[in-house]
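Only one structure is covered here, and it is reproduced in the block below.
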Amino acid sequence: MGDMVKETRIRNRVEIAREIILSRRSCRAFLDKPIPKKDLLELIEAGVYAPSGHNAQNQRFLLIDDKKEIQRIGSVRWSFPYKLSISHSEMRKVKPYGIFGGAAALIFVFADTTLTAPINSGEYYIWESLETQNGAASIQNMLLLASVKGIGNCWGSSYESMNYSRLLSGQTWRDVFAKYKIPFSYKMQGAIMLGYPKHLDSRGYPKGENVHGVLHESVERHDLKHYIIQKKQNPGSEKNLGGFGWFRVKAYRKTIGFLLKCVKVLDRLIYRIEME
Ligand SMILES: Cc1cc2nc3c(=O)[nH]c(=O)nc-3n(C[C@H](O)[C@H](O)[C@H](O)COP(=O)(O)O)c2cc1C
């Protein structure tokens with residue numbers, strides 16, 4: 001009897017977890033209604049409980065839930081890594097505060113690189129990748145909990161290079177956040193926008209759009225097969241590169257290795273300049 005109860009409990013949990021994961025949708029249209037602080041702190045707590053490479057626990061969070069401040073940040077002309085189907089200036093006419101500006105709260109996620117830089121043993125690019133992954137794990141945890149709480153949510157592209165290549169507004173992200181105590185060692189990993197959604201789905205989850213906000217492509221997922229990598233039909237049939245082919249591959253690898261080392265040295269240099 002005890003085992004049956006346990007099994008049912010586990011089955012229920014699995015069903016609930018699947019339902020939450022499969023129901024999460026990016027939501028970009030929010031009601032003008034504040035989110036209680038307790039809920040926002042619980043979202044950050046979900047972010048803190050994400051896994052982290054090398055147990056660095058280096059994810060850091062900046063919560064902004066003041067409407068005026070959100071609109072100020074939204075009105076900055078952020079640049080995005082993809083082409084928009086309409087120009088940035090046209091988008092500004094439709095949404096003067098951008099997509100961040102309509103939210104009731106924003107959470108920006110950073111990596112504290114002081115926790116990874118000292119242990120990088122000459123391979124900072126690996127740690128940098130872990131910093132990004134740690135941030136992403138936190139973001140996904142927060143999005144899932146927000147969905148269950150009925151809070152609309154959307155991941156917003158924000159990344160460290162926004163501090164090197166200026167934003168369309170001519171500012172860097174550090175200019176935008178000058179009033180916050182963000183140490184130079186913190187690198188931006190991403191952002192989420194939150195707000196009560198204009199619509200809920202039939203099960204009470206925030207109803208997302210059917211198409212990506214600006215690209216207008218369907219967000220429907222394909223059949224599982226589309227995503228799963230298959231085994232090779234003839235595993236032994238890789239391209240035989242022959243003598244010169246191998247030499248070329250080795251030369252490319254050496255060159256890439258050398259370039260990565262140069263990038264690392266430059267990165268350390270910039271880091272030192274920033275810390276001075
Ligand atoms: C790394 C990352 C960056 C994203 N950046 C943006 C963004 O800047 N603006 C936006 O509207 N959506 C952004 N999204 C949300 C995606 O557009 C969305 O997840 C995708 O279209 C699939 O839709 P769904 O989340 O409803 O399943 C981002 C998602 C990820 C994972």
Side-chain angles (χ1 to χ4, degrees), residues 17-30 43 46-47 50 59 61 64 70 73-88 90-92 94-111 128-163 165 167-169 173 176 187-195 197-224 226-227:
R18 274 193 76 228
E19 180 188 289
I20 295 164
I21 292 167
L22 269 56
S23 303
R24 180 215 53 80
R25 286 273 78 83
S26 295
C27 190
R28 300 174 184 87
F30 307 110
L43 293 185
Q59 299 98 318
F61 305 87
I64 297 168
I70 290 168
I73 292 167
S75 65
V76 172
R77 297 176 65 223
W78 300 87
S79 61
F80 293 102
Y82 46 78
K83 271 194 184 157
L84 301 175
S85 53
I86 55 168
S87 71
H88 281 268
E90 277 173 83
M91 194 165 100
R92 284 290 144 188
V94 191
K95 287 189 170 191
Y97 300 123
I99 50 170
F100 283 163
L106 300 173
I107 300 177
F108 286 84
V109 180
F110 298 85
E128 192 168 41
S129 153
L130 295 189
E131 285 159 6
T132 308
Q133 292 172 61
N134 296 349
S138 289
I139 291 176
Q140 183 65 2
N141 268 11
M142 294 193 285
L143 297 189
L144 289 176
L145 186 59
S147 300
V148 183
K149 283 176 176 281
I151 298 171
N153 56 81
C154 183
W155 196 315
S157 301
S158 312
Y159 40 94
E160 182 54 23
S161 56
M162 283 176 168
N163 199 38
S165 56
L167 305 176
L168 289 176
S169 54
W173 74 251
V176 179
K187 286 192 176 172
M188 184 178 277
Q189 303 301 327
I192 62 174
M193 36 202 139
L194 301 157
K198 292 217 163 141
H199 307 284
L200 294 172
D201 74 11
S202 58
R203 283 173 298 190
Y205 292 100
K207 193 170 183 328
E209 289 84 14
N210 296 328
V211 290
H212 177 281
V214 284
L215 302 177
H216 304 294
E217 285 164 359
S218 168
V219 296
E220 281 292 313
R221 303 310 195 255
H222 306 274
D223 189 83
L224 264 194
H226 175 82
Y227 304 96

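Just so you know, ligand 1 is whichever comes first in the structure, and atom 1 is the first atom listed for that ligand. Start at 1 with the first residue, then count along the sequence.
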Quiz item: If you measure from each non-hydrogen atom of C154 to ligand 1, which part falls under 4.0 Å: side chain, backbone, both or neither?
Solution: side chain
Quiz prompt | Partners meeting ring pair (Phe, Tyr, Trp, His ring centres under 6.0 Å) with F108 (sequence neighbours left out) | solution = F100, F177
Exercise. Compare F100, W155, Y159 and give the one whose heavy atom is closest to atom 30 (C) of ligand 1.
Key: W155
Quiz item: Going by the order shown, which atoms of ligand 1 are within less than 4.0 Å of some heavy atom of V219?
Solution: 21 (O), 22 (C), 23 (O)
Self-check item: No-hydrogen, no-angle side-chain donor-acceptor test under 3.5 Å, Q140 and W155
Solution: no
Quiz prompt | Flag for Q133-S129: side-chain donor and acceptor within less than 3.5 Å | solution = yes
Quiz item: Given G190, S26, S23, G135, which one has a non-hydrogen atom that is nearest to atom 15 (C) of ligand 1?
Solution: S26
Quiz item: So is there a nitrogen or oxygen of E209 less than 3.5 Å from a nitrogen or oxygen in ligand 1?
Solution: no
Self-check item: Where ligand 1 meets R24 - atom numbers and elements under 4.0 angstrom, heavy-atom basis
Solution: 24 (P), 25 (O), 27 (O)
Exercise. With atom 4 (C) of ligand 1 as the reference point, say which of S158, S157, A136, C27 has the nearest heavy atom.
Key: S157
Exercise. Say whether R221 and ligand 1 are in contact under the criterion: heavy-atom distance to a ligand atom below 4.0 Å.
Key: yes
Practice problem: Quick one: do L43 and K149 satisfy side-chain contact (heavy atoms from CB on, under 4.5 Å)? Show the steps, please. | Solution: CA-CA 10 Å; L43 293 185; K149 283 176 176 281; 4.2 Å; yes
Quiz item: When you measure from the side chain of Y97 to the backbone N and O of A103, does any donor-acceptor pair fall under 3.5 Å?
Solution: no
Self-check item: Location of contacts on Q140 toward ligand 1, heavy atoms closer than 4.0 Å
Solution: neither
Quiz item: Does N134 reach the main-chain N or O of Q59 with its side chain, forming a donor-acceptor pair under 3.5 Å?
Solution: no
Exercise. Can you sort out the partners of E209 under side-chain contact (heavy atoms from CB on, under 4.5 Å), two or more places apart, ordered by chain and number?
Key: R28
Quiz item: Under 4.0 angstrom from ligand 1, any heavy atom of G156?
Solution: yes
